Amino acid sequence: MSERTPVGGHSAPLRGVNRLFRRHRRLGLAALLTPPVFWLVVIYIASLGLLIGAAMFRLDPRSHKPTTELTTENLRTAFTDWDFVNVVVRSVFVAATVTVLCLVIALPMAFYISKIAKPWARRGLIVAVLMPLWAGYLVKGYAWKAMLRPASKFGIDKDGGFLASVFGWTPGFGMVAVILALTYLWLPYMVLPIYAGLDRLPPSLLDASGDLGARPLRTFRSVIVPMLVPSIAAGSIFTFSLSLGDYIVPKVVTEGKIRLLGNLIESTLLAPNQPLAAAFTLWPLMIIITYLIGMKRLGAFESL
Amino acid sequence: MNLSRAARWVLRGATWLGLAFLYTPLIVVAVLSFNTATSLSWPPKGLTLDWWRKAWKVDGPSDALVNSLQVAVVATIIALLLGTLAAFAMQRFTFFGRSSLSFLLVLPIALPGIVTAVALQNSFSRTIDLGLFEFRIGFGFHSLVIAHATFCVVVAYNNVIARLRRSSANLLEASADLGAHASQTFRLVTFPLVRSALLAGGILAFALSFDEIIVTTFTAGSGFETLPQWIFANISRPNNVPLVNVMATFVMLVSIPLAWMAQRLSDGDGIGTGR
């Protein structure tokens with residue numbers, strides 16, 4: 001390499017640094033990698049490790065602080081007490097239902113946007129689907145409280161919210177409300193990967209299927225869905241994972257009546273019983289990591 | 001695929017229904033922020049600008065807004081630095097553990113917020129003894145910044161790496177062939193290439209931090225309140241319904257145009273969203 005400096009000059013120390021990195025490429029890699037890896041491992045991974053450890057400490061019943069005495073009691077409570085396992089089962093059911101609902105709503109939307117809408121309209125439509133993601137998580141949970149409000153017999157204002165007034169029916173503040181609000185919140189995360197997957201699907205493939213005599217439904221079942229599996233898996237990571245740990249939405253849209261896994265962890269932590277809360281946290285940690293590994297097998301990580 | 005006219009209309013209808021589903025709740029809250037009544041009933045009893053005027057005079061929401069902005073700005077800067085470094089390392093080198101790194105970067109947003117929240121709360125509250133010295137991170141502005149930066153890194157990373165993948169390595173070689181030093185290549189070629197991706201990633205990271213509540217609740221400590229925390233605390237207070245409506249609408253008015261801008265800036269890069 002020449003020593004000419006075509007654009008601007010260079011001070012001596014800077015030139016020294018340049019030369020150093022040119023000679024030792026690995027040094028450059030280390031300089032790039034160290035800060036982010038250090039941050040994520042020291043702060044995040046270490047915290048997850050400490051969390052597992054924290055579940056093993058006995059709680060001092062008087063001070064409500066964890067002692068240094070080790071015990072498996074918290075783990076046993078968290079994993080065998082039927083009252084708690086029940087909450088976990090309910091949460092998994094909610095997360096799975098939300099995922100299926102998101103899929104059912106997202107499939108036709110993504111298909112229309114990518115294959116039927118006019119090319120000039122596509123970009124606008126997909127942006128329209130994504131924008132609500134940024135409206136604020138809490139704002140959207142709160143919006144559903146306004147939507148679902150049932151009419152009441154007493155109080156200053158007896159009128160219901162939007163659904164009750166416009167459609168004359170509202171599911172009220174219950175389980176349906178939680179599922180509805182969570183589906184609403186995470187729907188864009190399902191539409192986006194499916195849209196991207198459909199976009200990569202060559203139209204000639206669909207034509208070929210039609211030419212071979214397949215009707216649209218058959219093409220959908222035998223060509224489109226199998227090719228969309230990685231995209232659907234990618235979308236489901238968000239819908240499932242985000243629904244599983246949520247405690248704010250159940251609190252807001254049911255006024256605290258329905259408790260899911262997140263609520264259980266939150267209230268245990270505030271009790272305060274930090275070791276038991278840590279033990280409960282192992283539930284979502286295990287479920288999600290298992291789920292992630294399964295979805296990775298389906299090729300989800302290439303479609304994220 | 002030859003779809004019948006009817007099938008096309010059904011799909012079109014489903015799409016517009018889906019969009020209506022996405023936008024109706026947002027419009028309802030925005031309209032209710034002008035409601036004269038102090039409840040969430042529909043339709044509004046009358047329209048007024050009083051709540052919008054009042055929201056800026058009360059201390060709670062504006063203090064919380066300033067706190068949120070400060071945390072989001074600092075966390076975004078840290079996330080951009082870390083995410084960009086990781087993106088360059090991933091793009092230019094092959095090394096041991098390269099595929100685990102992408103897993104490591106996604107983990108803080110792929111795991112449910114409550115897991116991250118409890119994990120960080122636990123380690124921030126502990127006194128960590130390193131033998132030579134011991135320290136405790138504790139809670140407040142700094143702990144929030146650390147927590148937010150951790151899950152924002154992936155957003156910055158996604159945007160920068162998408163841009164790097166799209167731009168040709170030949171550009172760097174050409175720059176070197178023309179005699180530029182590494183730092184000149186960075187200043188004149190690489191940086192201008194990723195500039196708009198950085199801006200887009202920065203906006204998205206900012207929005208992610210500004211909006212976060214679960215991790216925030218557990219890592220803020222008692223003396224520090226962000227805007228989402230203020231909204232959450234006031235949702236259940238019937239007297240403050242109008243102010244919550246105003247702040248909720250305000251959040252939408254600020255973040256949706258920002259997200260739209262980020263979208264334009266990262267055009268074609270794919271969307272580096274986080275939660």
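Nothing here was measured: the structure is a model prediction, and the numbers come from that model.
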With a 4.5 angstrom heavy-atom cut-off, could you sort out which part of [X] is near chain A: side chain, backbone, both or neither?
X: T84(B); value: neither
X: I78(B); value: side chain
X: V241(B); value: both
X: L101(B); value: side chain
X: L32(B); value: side chain
X: V28(B); value: side chain
X: T249(B); value: neither

Pick one of side chain, backbone, both or neither for [X], based on which atoms fall under 4.5 Å of a heavy atom in chain B.
X: V252(A); answer: side chain
X: E266(A); answer: both
X: V191(A); answer: neither
X: P66(A); answer: neither
X: K115(A); answer: neither
X: M131(A); answer: both

Answer whether the closest heavy-atom distance between the side chains of [X] and [Y] falls below 4.5 Å.
X: I45(A); Y: L107(B); result: yes
X: V31(B); Y: F162(A); result: no
X: Q274(A); Y: S125(B); result: yes
X: V118(B); Y: F280(A); result: no
X: N245(B); Y: Y142(A); result: yes
X: L26(B); Y: K140(A); result: yes

When heavy-atom pairs shorter than 4.5 Å are enumerated against chain A, which of F124(B), Y157(B), F218(B) gives the highest number?
-> F218(B)

Sorted by chain and residue number, the ring pair (Phe, Tyr, Trp, His ring centres under 6.0 Å) partners of F57(A) (sequence neighbours excluded) come out as none

Quick check: does any side chain N or O of S241(A) sit under 3.5 Å from a backbone N or O of A110(B), one acting as donor and the other as acceptor?
-> yes

Check: L22(B) main-chain N/O paired with Y184(A) side-chain donor or acceptor under 3.5 Å |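 Yes; at least one donor-acceptor contact below 3.5 Å.
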
With rounding to the nearest 0.5 Å, note down the distance linking [atom1] in [X] to [atom2] in [Y].
X: L32(A); Y: F88(B); atom1: CG; atom2: CZ; value: 8.0 Å
X: I137(B); Y: I43(A); atom1: CD1; atom2: CD1; value: 6.5 Å
X: L242(A); Y: I109(B); atom1: CG; atom2: CD1; value: 8.5 Å
X: I248(A); Y: I213(B); atom1: CD1; atom2: CD1; value: 4.5 Å

Tell me, which pairs form a side chain to side chain donor-acceptor pair (under 3.5 Å) where one or both residues lie in residues 13-32 of chain B, sequence neighbours left out?
-> none

Given Y137(A) and I214(B), is the side-chain contact (heavy atoms from CB on, under 4.5 Å) satisfied, shown in steps?
-> CA-CA 10 Å; Y137(A) 159 78; I214(B) 297 183; 4.1 Å; yes

Got a sec: does the CZ of R98(B) have more than 12 other heavy atoms crowding it under 6.0 Å?
-> yes

